[in-house]
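Okay, so here's the structure we're looking at.
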Amino acid sequence: MNIPNALSLLRLAAVPFLVLLLHDGHYAAALVLFVLAGLTDAADGFVAKRFGQETRLGRVLDPIADKALVVTAYITLGWLGLIPFWLVVAVVSRDLVIVAGALAYHYLTGALEMAPSFLSKLNTALQLGLVALVLLEAVLALGLGEWLGWLAVAVLATTVASGLQYVVVWLRKAWAHESPEG
């Protein structure tokens, strides 16, 4: 166990507490926890790369913790009516497609290399930004409704586009893996 893996586990452990805080209407505490969880994501990546602490476990644990945090936040905020249901469906569906595709690719080829694209990173940043702003709006009532609507549309667009990009990339890799030349 190293520091980056411990931070990923800490982020994973924060997920049920985030749900409880949101469920009980403690939006300020939920916002603080969400931001702290985001900071652990940045910290674990920095420490792993900077100090050569990248591990096989970390390459699996980090995205699981990220997906658990984001998907759980979207489902809970959607259930509370703070994020539109259609956006929750899109975000969860994309992640299910990615996980199913990764498992299928690994099963068929015996390999799996996860390399998030720029579009995927942009999507994640927008998804996280929307959750943070929704929570900030719930705490401070800043009148961000129209901005949140536009951000939701941007999240939808990048969610669909990055999901399709993963499908295309993995289909190409699978096709190249099975071809006689590859």
Side-chain angles (χ1 to χ4, degrees), residues 8 11-42 60 62-105 112 114-174:
S8 291
R11 188 165 61 259
L12 196 56
V15 170
F17 294 103
L18 180 65
V19 172
L20 290 173
L21 290 170
L22 291 172
H23 177 268
D24 293 343
H26 300 294
Y27 298 126
L31 176 60
V32 169
L33 182 61
F34 187 77
V35 169
L36 288 174
L39 291 174
T40 68
D41 186 27
V60 173
D62 180 60
I64 288 172
D66 293 346
K67 294 300 173 201
L69 183 69
V70 171
V71 168
T72 302
Y74 271 78
I75 289 171
T76 307
L77 290 171
W79 176 55
L80 294 170
L82 297 174
I83 287 183
F85 178 72
W86 51 264
L87 189 55
V88 174
V89 169
V91 168
V92 172
S93 296
R94 172 195 178 264
D95 286 345
L96 288 174
V97 165
I98 289 172
V99 169
L103 291 173
Y105 182 80
L112 180 61
M114 296 293 293
S117 67
F118 171 78
L119 182 58
S120 179
K121 290 179 182 184
L122 174 63
N123 175 248
T124 299
L126 291 175
Q127 287 178 349
L128 295 174
L130 180 61
V131 169
L133 286 177
V134 163
L135 292 174
L136 190 63
E137 177 66 18
V139 172
L140 299 176
L142 299 171
L144 299 174
E146 186 175 340
W147 290 102
L148 292 174
W150 284 109
L151 185 53
V153 170
V155 168
L156 176 66
T158 58
T159 296
V160 170
S162 66
L164 290 173
Q165 183 182 43
Y166 271 110
V167 169
V168 167
V169 166
W170 279 347
L171 285 174
R172 284 182 180 163
K173 284 183 177 184

Check whether any side-chain heavy atom of Leu80 sits under 4.5 Å from a side-chain heavy atom of Tyr27, and report yes or no.
-> yes

Under 3.5 Å side-chain donor-acceptor pair for Thr40 and Arg11 | yes

With the side chain counted from C-beta on, respond yes when Val131 and Leu77 share a heavy-atom pair under 4.5 Å apart, and no when they do not.
-> yes

Do you know which two heavy atoms are closest between Ala65 and Ser8, and how far apart they sit?
-> CB-O, 3.5 Å

Using modelled atom types only, decide if a donor and an acceptor are shared between the side chain of Tyr74 and the backbone of Gln127 within a distance under 3.5 Å.
-> yes

Have Thr158 and Arg94 got a donor and an acceptor in their side chains that come within less than 3.5 Å?
-> no

Once you round to the nearest 0.5 Å, how far does CG of Leu164 lie from OG1 of Thr159?
-> 11.0 Å

Leu144 side chain near Leu133 side chain, heavy-atom distance below 4.5 Å = yes

Specify the closest pair of heavy atoms between Gly78 and Val88, including all atoms of both residues, with the distance to one decimal.
-> CA-CG2, 3.7 Å

Identify the heavy atoms of Val167 and Val97 that sit nearest to each other, and give their distance.
-> CG2-CG1, 3.7 Å

List the atom of Val89, the atom of Ser93, and the distance in Å for their closest heavy-atom pair.
-> O-OG, 2.6 Å

Heavy-atom closest pair (Tyr166 atom, Ser117 atom, distance to 0.1 Å) is OH-N, 4.4 Å

Going by atom type alone, with no hydrogens or angles, which donor-acceptor pairs under 3.5 Å involve a side-chain atom of residues 28-35 and a protein atom two or more places apart or on another chain?
none

To the nearest 0.5 Å, atom OG of Ser162 lies from atom CG of Leu122 at 8.5 Å

Atom pair CZ/CD of Phe118 and Gln165 - distance to nearest 0.5 Å = 10.5 Å

Heavy atoms only: give me the nearest Leu156-Ala90 pair and the separation to one decimal.
-> CD1-CB, 3.5 Å

In Å and rounded to the nearest 0.5 Å, what is the CG to NE2 distance from Leu18 to His23?
-> 13.0 Å

Once you round to the nearest 0.5 Å, how far does CG of Asp41 lie from CG of Asp66?
-> 4.0 Å

Within-4.5 Å side-chain heavy-atom neighbours: Leu126 and Leu130 = no

If you draw a 6.0 Å radius around CH2 in Trp86, do more than 12 non-hydrogen atoms from other residues or ligands fall strictly inside?
-> yes

How many angstroms lie between CD1 in Ile83 and CG in Leu135, if you round to the nearest 0.5 Å?
-> 8.0 Å

